[in-house]
2 protein chains.
Amino acid sequence: MAIRPTARTDVTRSAVLAHLGAHGPASRADLARNLSVSPALMTQLTKDLLGDGLIRELAETRSQGGRPARMLGLVQSAGRAVGVKVAADHLALVEVGIDGAVSRAESVAFDASSATMLSDLAASIRAFIGSRSATPLLGIGVGVPGDVDRQGTGVVHSAQLGWQNTPLGDVLRRELGLPVLVENNVTALAIAERLHGVGRQHENFLVVTIGTGVGAAIVVDGSVVRGARGGAGEIGHLPVVDGGPRCRCGNAGCLEAMVGEDALVARGRERGVIGGADGIEQLRDAADRGDSAATAIFGEAGHTLGRALAGLVHTLDPEIVIVLGEGTAAWQHWSFGFEPAFRASLMPSRRGVPVAVETWQDESWAQGAAALVISTPFDAEGVAGEQGTEVRRRLVEQAGGSDS
Amino acid sequence: MAIRPTARTDVTRSAVLAHLGAHGPASRADLARNLSVSPALMTQLTKDLLGDGLIRELAETRSQGGRPARMLGLVQSAGRAVGVKVAADHLALVEVGIDGAVSRAESVAFDASSATMLSDLAASIRAFIGSRSATPLLGIGVGVPGDVDRQGTGVVHSAQLGWQNTPLGDVLRRELGLPVLVENNVTALAIAERLHGVGRQHENFLVVTIGTGVGAAIVVDGSVVRGARGGAGEIGHLPVVDGGPRCRCGNAGCLEAMVGEDALVARGRERGVIGGADGIEQLRDAADRGDSAATAIFGEAGHTLGRALAGLVHTLDPEIVIVLGEGTAAWQHWSFGFEPAFRASLMPSRRGVPVAVETWQDESWAQGAAALVISTPFDAEGVAGEQGTEVRRRLVEQAGGSDS
DNA sequence: TACGTTTTGTTTAGTCCTGAACTAAGGGGA
DNA sequence: TCCCCTTAGTTCAGGACTAAACAAAACGTA
């Protein structure tokens with residue numbers, strides 16, 4: 001019988017799983033080095049995990065001058081997670097494997113302002129989960145635009161959804177009977193980047209999203225900054241133009257009011273580039289066709305964003321800035337204004353900071369939310385709290401059952 | 001004989017000392033709770049520390065319904081530290097006790113651009129240290145305006161001092177034969193605030209300094225954010241006015257170029273408020289007398305600063321903002337413009353963020369630098385690295401010697 | 001083919017720390 | 001007064017983890 005895992009070992013065991021999930025197969029020696037643990041302990045842990053059927057031995061690698069390493073890999077059927085992106089008018093749902101790869105995706109209508117929205121949401125998730133599969137469902141990650149007090153309890157404040165003090169986490173947990181982790185959507189993306197993306201190679205970076213709103217997540221020393229009340233990264237409301245246009249937050253000249261999708265569309269209509277019924281797609285098409293008024297609108301937005309991000313780079317000194325979001329579809333036009341403004345606004349010693357713009361799919365948001373679940377082992381009893389422990393328990397228990 | 005401390009226990013023991021130094025006397029139970037350690041371990045640790053003569057038992061407190069607590073306090077003669085503020089034209093030096101209280105202070109001339117500046121600096125520090133006292137000197141903390149790669153090695157880049165890749169830490173260490181911790185001056189202040197000031201009650205806060213330059217330090221989850229290359233908090237070069245006045249960093253419209261001391265003085269001269277030979281004191285005097293042109297200059301600066309800090313609050317969601325620095329002498333005039341701009345630029349949910357403006361003395365900078373030494377036990381083998389271990393070793397060894 | 005080198009993985013003795021049970025020392029209510 | 005309750009502090013068995021020595025399995029060289 002496997003050793004009864006306590007809270008501490010459980011975390012370390014999960015770290016092994018997370019590492020294998022995030023970085024692919026690795027040898028015991030590699031794992032020990034990367035997780036800053038002694039080889040001796042790794043022998044112990046992997047013995048347990050092999051016994052529990054959570055990992056398996058793969059082929060040996062060719063020797064690099066010494067004994068060849070026996071690689072270890074995740075047993076893919078060990079677990080899966082569901083990620084949900086909540087928007088004002090729809091939900092995006094994905095199911096991911098333990099390695100973060102999407103196995104199923106769906107988009108359904110949703111009315112965030114409905115009186116029954118909480119039960120609607122639960123029903124949509126329940127429908128998506130469907131019948132029990134052989135692979136156990138570890139939990140549900142939910143990404144929302146707004147502040148979340150703590151991942152565990154999941155109380156949400158969101159101007160965009162019109163939610164105040166909504167106990168999203170508790171309700172879903174009760175309705176679904178599964179661990180539920182709620183987080184700000186950009187923060188979730190940052191966790192996903194840290195786990196599966198560019199962020200793997202960096203301890204300090206910024207994730208910036210452009211689209212309807214503008215958001216950021218800050219990663220310092222490998223973990224995401226949440227702030228006092230989970231509200232860090234709200235760069236959409238940075239004041240950038242004194243006396244500028246009014247923002248939906250009530251203030252004037254916010255970054256979002258300058259470079260958000262609505263602002264660009266409004267400017268496009270104002271200047272006659274697109275018609276009154278057209279949206280951001282038409283504006284982008286116009287720019288793609290080479291319409292100079294359209295490219296100017298994106299260029300101006302790039303300029304404003306560039307100056308604002310330069311400020312963030314000064315404030316936080318990141319290794320890299322990652323730009324994501326729906327707005328990146330038109331990045332070629334943004335960059336025209338962004339690059340010169342961004343570089344010129346930086347102190348000479350920071351001009352070299354790379355900006356990575358990643359391709360974007362609609363389900364990326366939901367994939368980020370799913371990463372909340374997959375990543376819980378990382379934060380040792382940290383933000384995810386009780387729900388994180390529960391996710392770990394589910395992962396370990398399903399295996400333990402097949403073994404006793 | 002006391003148990004031979006290994007690297008791990010040493011850190012925990014030091015954490016006890018640091019807590020007692022920072023928060024005053026406490027019971028074993030309190031210490032265990034605050035340091036997230038079991039009562040059992042605390043019994044063990046305090047036994048050692050009592051044996052080493054580093055702490056002592058104080059009076060009992062009155063019972064709060066149960067057994068009364070035996071309070072423990074630091075033995076004040078256990079150690080002292082020296083803090084140095086390096087400015088372009090002078091040095092400020094202080095000696096502090098293990099509780100952070102200043103016991104001696106001095107200010108000496110210094111030329112940061114001199115060819116012999118490193119040996120001058122070492123000589124000034126050596127003179128200040130003076131003859132050996134009964135209380136062992138744990139180390140030297142040095143605060144500089146600029147980026148510091150790591151506290152331990154102490155390589156400095158500072159535009160203000162005209163230093164590039166200056167190996168300050170290594171040189172001083174060799175010359176003085178003492179542990180030397182070098183850090184950005186605002187970061188050092190933040191550490192001091194966290195240890196002795198308002199920051200004791202907060203895990204997430206901002207420290208902002210106004211004076212010749214404008215700087216900030218960011219505290220997240222109790223520790224100071226340094227960024228990828230130790231350059232976090234450089235808010236002096238936030239771009240705030242597109243196409244604004246040129247800044248000494250080479251860019252245009254930086255915050256520092258708008259609200260730094262030089263900018264205010266220049267504006268005062270421009271508008272005829274003060275004469276060509278007058279400085280910031282005369283401008284402040286004029287404002288104190290009620291000169292409306294002078295108060296307007298400070299008010300405008302307050303307005304600009306308020307908007308910029310609102311942006312920081314959005315980005316980082318701190319519990320409180322602490323304003324420090326020479327510039328606070330005229331805060332009553334700043335606040336006139338600051339308060340409305342700051343509050344109005346915040347999202348409604350953040351309007352309540354308190355701003356604490358603290359009284360300022362010239363030696364505060366140096367006191368902050370000294371806190372680097374006193375605080376080393378806090379960062380478990382973290383930023384201070386080898387030098388931190390050395391400080392701990394000195395603290396423990398002097399006591400161990402009186403015991404064997 | 002024998003032998004040192006290098007890297008992987010395991011075993012063993014021992015340290016750090018915790019949880020749980022316990023003692024110590026007070027307060028307050030019947 | 002006696003008994004229970006609460007809080008402080010200690011003791012002790014046991015688990016997590018490490019360092020160090022060791023075994024295993026390749027490669028390179030003569």
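Proteins come first, then strands; the chains are lettered A, B, ... in the order of their sequence lines, and each starts at number 1.
- By the 4.5 Å heavy-atom criterion applied to side chains, B/Val82 and B/Leu137 are counted as neighbours.
- A salt bridge links A/Glu183 with A/Arg226: at least one charged nitrogen is closer than 4.0 Å to a carboxylate oxygen.
- Side-chain atoms of A/Ala69 lie closest to C/dT8 of the nucleotides D/dA8, C/dT10, C/dT8.
- Counting all heavy atoms, side chain and backbone alike, A/His202 lies closest to A/Arg194 at O-NH1, 2.9 Å.
- Here the side chains of A/Val171 and A/Val180 are not in contact, with every heavy-atom distance at 4.5 Å or above.
- Distance CE (A/Met71) to C1' (D/dA25): 17 Å, rounded to an integer number of Å.
- Following rounding to the nearest Å, A/Leu45 (CG) and D/dT18 (P) show an atom-to-atom distance of 9 Å.
- One atom, CG of B/Leu72, and another, P of D/dA8, lie 13 Å apart when rounded to the nearest Å.
- Of all non-hydrogen atoms in A/Ala232 and A/Val225, the two that sit nearest each other are CB-O, 3.7 Å.
- Atoms CZ (A/Arg28) and P (D/dT18) sit 17 Å apart, rounded to a whole Å.
- In terms of position along DNA chain D, the nucleotide closest to B/Pro68 lies nearer the 5' end than the nucleotide closest to the other residue of the pair A/Pro68 and B/Pro68.
- Out of D/dC17, C/dA25, D/dG9, the shortest distance to the side chain of A/Leu41 is found at D/dC17.
- For the pair A/Asp48 CG and D/dA16 C1', the interatomic distance rounds to 12 Å; values are reported in whole Å.
- The separation between B/Gln44 atom CD and C/dT15 atom C1' is 11 Å, rounded to whole Å.
- Between B/Arg33 and B/Lys47, it is B/Arg33 whose nearest contact on DNA chain D lies nearer the 5' terminus.
- Here the nucleotide nearest the side chain of A/Val37, chosen from D/dT18, C/dG19, D/dA8, is D/dT18.
- Each of D/dT18, D/dG9, D/dA25 was ranked by its minimum atom distance to the side chain of A/Arg67; first place goes to D/dA25.
- Look at A/Ser27 and you'll find a side-chain N or O under 4.0 angstrom from OP1 or OP2 of C/dG9.
- For B/Ser38 and C/dG19, the shortest distance from a side-chain N or O to OP1 or OP2 is not below 4.0 Å.
- Atom CE of A/Met42 and atom C1' of D/dA16 are 13 Å apart (whole Å).
- For the pair B/Leu50 CG and D/dT10 C1', the computed distance is 14 Å after rounding to whole Å.
- Here the nucleotide nearest the side chain of A/Ala40, chosen from D/dT11, D/dT10, C/dT11, is C/dT11.
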